[in-house]
Amino acid sequence: MKRTKGFTLIELMIVVAIIGILSAIAIPAYTDYITRSKIPEATSNLADLRVKMEQYFLDNRTYVGGPCTTPGKYFTYSCATGEPTATTYVVQAVGVAATGMTGFTYTVNQANVKVTAAVPAGWTSNATCWVTKKGGTC
């Protein structure tokens with residue numbers, strides 16, 4: 001009797017099913033990982049802008065005309081509408097759509113109040129800190 005070599009159709013279908021299940025779990029986890037890796041740009045640049053605004057205030061005794069912008073790859077940085085005033089400012093980082101960061105908005109003000117003003121669907125916002133993970137943790 002001659003023995004044949006190779007895989008049966010059932011064995012191949014099982015392997016394809018296993019690959020499908022693994023990719024259904026891995027792809028969303030990888031996408032969340034990539035998104036989380038882009039958030040530190042916003043938090044570090046906002047912290048840096050806050051320091052620059054405070055240095056400007058110490059030199060000029062006003063926030064008006066202070067440095068509200070900085071270049072970024074995943075976020076755009078600016079002062080909020082109507083800001084800065086002589087004694088207040090709100091610097092915000094808004095996610096760039098082309099980089100997959102649509103819906104993210106982080107802010108910091110002169111009192112160092114850090115706020116996650118907006119997050120995309122599936123994320124939990126937090127009014128007392130910068131959210132760095134999907135569940136709303138800071």
Side-chain angles (χ1 to χ4, degrees):
M1 186 185 273
K2 188 176 178 184
R3 185 170 172 134
T4 59
K5 295 181 180 179
F7 299 104
T8 66
L9 181 60
I10 297 287
E11 291 170 333
L12 290 175
M13 288 175 56
I14 290 171
V15 169
V16 168
I18 290 171
I19 291 171
I21 291 169
L22 290 175
S23 65
I25 295 168
I27 291 173
Y30 179 72
T31 303
D32 286 344
Y33 174 76
I34 294 299
T35 300
R36 286 193 327 257
S37 72
K38 295 175 183 176
I39 292 173
E41 177 196 298
T43 57
S44 65
N45 281 342
L46 283 175
D48 184 50
L49 282 171
R50 181 181 179 279
V51 169
K52 288 178 181 178
M53 289 294 283
E54 294 302 329
Q55 289 172 338
Y56 185 87
F57 184 82
L58 289 174
D59 293 340
N60 301 292
R61 294 294 176 207
T62 182
Y63 291 116
V64 176
C68 288
T69 62
T70 191
K73 183 175 180 181
Y74 305 115
F75 291 87
T76 57
Y77 304 91
S78 64
C79 281
T81 305
E83 299 288 341
T85 66
T87 58
T88 65
Y89 68 88
V90 175
V91 181
Q92 62 185 5
V94 178
V96 175
T99 62
M101 297 307 288
T102 304
F104 287 99
T105 303
Y106 297 100
T107 65
V108 65
N109 67 12
Q110 75 284 348
N112 199 27
V113 175
K114 301 169 184 172
V115 176
T116 305
V119 290
W123 285 68
T124 304
S125 186
N126 193 324
T128 60
C129 65
W130 291 327
V131 171
T132 57
K133 294 186 180 162
K134 208 169 192 176
T137 57
C138 304

For the pair Val96 and Thr76, evaluate side-chain contact (heavy atoms from CB on, under 4.5 Å) and give the outcome as yes or no after the intermediate values.
CA-CA 7 Å; Val96 175; Thr76 57; 3.9 Å; yes
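For the side-chain contact (heavy atoms from CB on, under 4.5 Å) test with Thr107, the passing option among Lys114, Gln92, Glu83 is Gln92; the others fail.
Atoms CG and CD1, from Leu22 and Ile27 in turn, are 10.5 Å apart once rounded to the nearest 0.5 Å. Summarising the geometry, atom OG1 belonging to Thr99 is positioned 12.0 Å from atom CD1 belonging to Ile34; distances are rounded to the nearest 0.5 Å. Rounded to the nearest 0.5 Å, atoms CD (Gln110) and OG1 (Thr85) are 7.5 Å apart.
Counting only distance, with no hydrogens or angles, the side chain of Thr35 and the backbone of Thr31 share a donor-acceptor pair below 3.5 Å. The main-chain N or O of Thr8 is found under 3.5 Å from a side-chain atom of Glu11 such that the two form a donor-acceptor pair. At least one donor-acceptor pair closer than 3.5 Å links the side chain of Ser125 to the backbone N or O of Thr116. Judged by distance alone, the side chain of Asn60 and the main-chain N or O of Thr62 form no donor-acceptor pair under 3.5 Å.
Pairing each heavy atom of Ala111 with each of Arg50, the nearest pair is C-NH2, 4.4 Å. Among all heavy-atom pairs drawn from Gly65 and Pro84, the shortest one is N-CG, 4.2 Å. Glu41 approaches Gly72 most closely through the heavy-atom pair OE2-CA, 3.5 Å.
The hydrophobic clustering, which links ILVMFWY residues whose side-chain heavy atoms are closer than 4.5 Å, places Phe7 and Ile18 apart.
Salt bridge absent: Arg36 and Asp32 never bring a charged side-chain N and a carboxylate O closer than 4.0 Å.
Residue Trp123 belongs to a hydrophobic cluster whose other members are Ile39, Leu46, Leu49, Met53, Phe57, Tyr63, Tyr74, Phe75, Tyr77, Tyr89, Val91, Met101, Phe104, Tyr106, Val108, Val119, Trp130, Val131, with links defined by side-chain heavy atoms closer than 4.5 Å.
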